[in-house]
Undergrad: 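Input: one structure, supplied below.
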Protein chains: 2
Amino acid sequence: MRAQTVALTSKDVVDAAIAILDEYGLGDLTMRRLATALGVQPGALYWHVANKQALLGAVADTILDGLDDDMPSGDWDLRFNELAHRLRAALLAHRDGAEVVAAAHALRTGRGSTLVLLTQVLTDAGFTEVEAELAALAVLHYVLGHTVDEQGHAQSAGLVAGAASPGATEGIADGPQTVDDPLLGETARFGFGLSVFVDGLRARLT
Amino acid sequence: MRAQTVALTSKDVVDAAIAILDEYGLGDLTMRRLATALGVQPGALYWHVANKQALLGAVADTILDGLDDDMPSGDWDLRFNELAHRLRAALLAHRDGAEVVAAAHALRTGRGSTLVLLTQVLTDAGFTEVEAELAALAVLHYVLGHTVDEQGHAQSAGLVAGAASPGATEGIADGPQTVDDPLLGETARFGFGLSVFVDGLRARLT
DNA sequence: ACCTGAACACCGTTCAAGT
DNA sequence: ACCTGAACACCGTTCAAGT
């Protein structure tokens with residue numbers, strides 16, 4: 001087996017992991033499946049990654065990569081909102097992306113650069129370092145909590161039947177209103193909580 | 001084997017599951033371990049619960065039981081704060097409690113009564129039904145996001161070495177400040193984000 | 001340096017058969 | 001009604017040995 005001439009890299013492993021995530025979900029992202037997809041024996045993966053947890057950390061980092069590209073320059077609240085919406089979009093762009101990133105953050109695997117970006121916007125706005133870090137962590141928690149819920153709910157419904165191609169959910173509009181989601185689209189629901197939080201922050205700025 | 005004379009009930013299964021959760025954590029809460037703890041073969045559990053997911057839903061319900069006992073009567077923001085703090089405390093009272101409840105909520109297993117309680121406080125305060133539900137969901141997401149992170153972090157640190165007895169973490173003060181948590185105690189960090197959100201809500205009340 | 005082969009110690013779930 | 005016995009189709013991780 002294994003007609004390839006060149007050796008595997010850690011990047012190959014992470015990329016293949018994301019491909020499996022997109023097509024089959026986190027529950028089917030196993031080291032053995034991953035090895036099969038790469039045409040290699042399971043044990044071979046452990047030459048490239050320390051263990052599954054570290055791999056998922058690297059996957060989380062990749063999901064969050066380039067979150068601050070071409071950021072608009074404007075008022076802090078506009079930029080803060082933009083960042084939060086981008087974060088949610090990045091998580092939704094991969095199946096179970098929110099769960100992967102939430103776990104990686106809780107276990108302090110992954111780089112955790114998102115927190116730095118959010119904090120920077122708030123210190124620029126005039127918040128103290130401590131307030132900025134606390135507020136950044138709070139929205140991060142809100143976004144993760146919301147998106148894990150949103151994505152988990154979509155999964156438990158039957159909508160994911162026809163396995164989408166990688167990145168297919170990126171930038172699509174909210175799906176049709178369902179019976180147990182009779183209020184608004186998910187983006188609007190997300191935006192509501194976010195704007196309440198930003199309102200509270202604005203009130204604290206002298 | 002199995003000297004017991006009386007049969008198992010679903011409650012017995014859920015209670016034993018929580019005991020394992022408290023002592024060994026979610027990673028060690030397996031159907032096989034649970035069966036061994038109950039002095040029974042693995043297959044026997046499937047007479048009492050449909051599957052592991054349903055069991056975890058029932059565990060989540062138990063964790064959240066009695067969340068609104070003896071609620072204080074006072075201003076809405078006081079009661080809202082109380083409920084959010086109680087929710088966090090209930091999650092922290094069991095090892096991996098936040099993760100279990102977050103998963104149960106995302107998959108719509110479990111009863112999800114917490115949302116009703118939070119919504120009620122806000123409709124009483126004068127919010128419209130839609131605003132109240134959206135805001136309730138938003139804080140729930142914040143609390144889950146925060147507490148999953150808080151609990152996961154504690155786990156990844158070495159603090160959980162001496163397996164605590166069930167409920168031992170209930171109502172304890174924050175642990176000592178560690179190197180990567182130099183700002184405040186966790187309760188204060190949680191309270192900061194919560195009060196920002198409540199400030200934002202108050203501003204919306206005419 | 002990179003991977004195979006093979007093992008170790010596990011999983012959740014099903015289901016005929018027993019009592 | 002409640003449980004056993006036994007199987008099915010899997011897991012993550014380790015590690016000597018090969019090339």
Side-chain angles (χ1 to χ4, degrees), chain A residues 1-21 23-60 96 99-100 103-104 107 109-110 152 155-156, chain B residues 1-21 23-60 96 99-100 103-104 107 109-110 152 155-156:
Chain A
M1 284 293 145
R2 193 98 222 293
Q4 271 85 1
T5 55
V6 288
L8 237 47
T9 68
S10 318
K11 188 185 179 302
D12 294 333
V13 177
V14 173
D15 288 347
I18 291 181
I20 292 179
L21 199 65
E23 272 199 87
Y24 307 102
L26 185 57
D28 286 335
L29 174 46
T30 69
M31 298 301 272
R32 297 180 106 101
R33 243 175 184 283
L34 182 55
T36 302
L38 289 165
V40 103
Q41 295 297 315
L45 298 178
Y46 292 85
W47 204 92
H48 295 101
V49 297
N51 50 43
K52 190 175 180 180
Q53 196 167 112
L55 170 63
L56 289 176
V59 168
D96 295 323
E99 200 177 332
V100 170
L107 300 173
T109 177
Q155 201 118 355
S156 74
Chain B
M1 282 294 146
R2 192 101 223 292
Q4 271 84 0
T5 54
V6 287
L8 237 47
T9 68
S10 318
K11 188 183 180 303
D12 292 333
V13 176
V14 173
D15 288 348
I18 292 181
I20 292 180
L21 198 65
E23 271 198 87
Y24 307 101
L26 185 56
D28 287 335
L29 174 45
T30 69
M31 297 302 272
R32 297 180 106 98
R33 245 177 182 282
L34 182 54
T36 301
L38 289 165
V40 105
Q41 295 297 315
L45 299 178
Y46 291 84
W47 205 92
H48 295 99
V49 297
N51 50 41
K52 190 176 181 179
Q53 197 166 111
L55 170 63
L56 289 176
V59 167
D96 296 323
E99 201 176 330
V100 170
L107 300 174
T109 178
Q155 200 118 355
S156 74

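Below, chain A is the first sequence line, B the second, and so on; all start at residue 1.
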Undergrad: Consider the side chain of B:P42, meaning its heavy atoms from C-beta on, and name the nucleotide among C:dT13, D:dC2, D:dC11 that approaches it most closely.
TA: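 Taking heavy atoms from C-beta onward, the closest nucleotide is C:dT13.
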Undergrad: As a test of reading the structure: which of C:dT13, C:dC2, D:dT4 is closest to the side chain of B:A44, going by heavy atoms?
TA: D:dT4
Undergrad: Looking only at heavy atoms, which two atoms of B:G152 and A:L107 are closest? And how far apart?
TA: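 That would be O-CD2, 4.0 Å.
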Undergrad: Please measure how far the C1' atom in D:dA17 lies from the corresponding atom in C:dC2, and state the result in whole Å.
TA: 13 Å
Undergrad: Are the side chain of B:H48 and the backbone of B:L8 linked by a donor-acceptor contact shorter than 3.5 Å?
TA: yes
Undergrad: Strictly distance-based, threshold 3.5 Å: is any side-chain N or O of A:D12 a donor or acceptor partner for the main-chain N or O of A:T9?
TA: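 Yes: the side chain of A:D12 pairs with the backbone of A:T9.
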Undergrad: Considering only C:dT13, D:dG5, C:dC3, which nucleotide approaches the side chain of B:Q41 most closely?
TA: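 Among C:dT13, D:dG5, C:dC3, the one nearest the side chain of B:Q41 is D:dG5.
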Undergrad: Please confirm whether the shortest side-chain N or O distance from B:H48 to OP1 or OP2 of D:dC3 is below 4.0 Å.
TA: yes
Undergrad: Between atom OH in A:Y24 and atom P in D:dC10, what is the gap in whole Å?
TA: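 Interatomic distance, OH of A:Y24 to P of D:dC10: 14 Å.
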Undergrad: What closest approach, in Å, do B:A104 and B:G57 show between heavy atoms, and which atom pair accounts for it?
TA: CB-CA, 4.2 Å
Undergrad: Given Watson-Crick or G-U pairs with both distances under 3.5 Å, what dot-bracket string fits DNA chain C, with | for other-strand pairs and [ ] for crossing?
TA: ||.|||||...|||||.||
Undergrad: Please give, in whole Å, the distance from C:dC11 P to B:L56 CG?
TA: 15 Å
Undergrad: Is B:N51 reaching over with its side chain to a backbone N or O of B:A54, donor-acceptor style, under 3.5 angstrom?
TA: yes
Undergrad: Just by distance, do the side chain of B:D96 and the backbone of B:L26 share a donor-acceptor pair under 3.5 Å?
TA: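 Such a contact is found between B:D96 side chain and B:L26 backbone.
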Undergrad: Send over the distance from A:M31 CE to D:dC11 C1', rounded to a whole Å.
TA: 11 Å
Undergrad: Under a 4.5 Å cut-off applied to non-hydrogen side-chain atoms, are A:L56 and A:L29 in contact?
TA: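 Yes, at least one pair of side-chain atoms sits under 4.5 Å.
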Undergrad: If I take atom CZ in residue A:R32 and atom P in nucleotide D:dC10, what distance separates them, rounded to the nearest angstrom?
TA: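 Value for this atom pair: 11 Å.
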Undergrad: Roughly how many Å is it from CH2 in B:W47 to C1' in D:dC3, rounded to a whole number?
TA: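 In whole Å, D:dC3 C1' lies 10 Å from B:W47 CH2.
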Undergrad: Starting at CG of B:L38 and ending at C1' of D:dC3, how long is that distance when rounded to a whole Å?
TA: 13 Å
Undergrad: Using the P atom as the point on both nucleotides, what is the distance between C:dA9 and D:dA9, in whole Å?
TA: 23 Å
Undergrad: Once you round it to whole Å, what is the distance between P of D:dC11 and CG of A:L29?
TA: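 For the pair A:L29 CG and D:dC11 P, the rounded distance is 11 Å.
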Undergrad: Between P on D:dC11 and CG on B:D28, what's the gap in Å once rounded to a whole number?
TA: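 One finds 20 Å between P of D:dC11 and CG of B:D28, rounded.
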Undergrad: Between C:dT4, D:dG12, C:dC2, which one does the side chain of A:A7 approach most closely?
TA: C:dC2
Undergrad: By nearest heavy atom, map B:Y46 and A:G43 onto DNA chain C; which one lands nearer the 5' end?
TA: A:G43
Undergrad: Closest approach to the side chain of B:N51, judged atom by atom: which nucleotide of C:dT13, C:dC11, D:dG12 is it?
TA: C:dT13
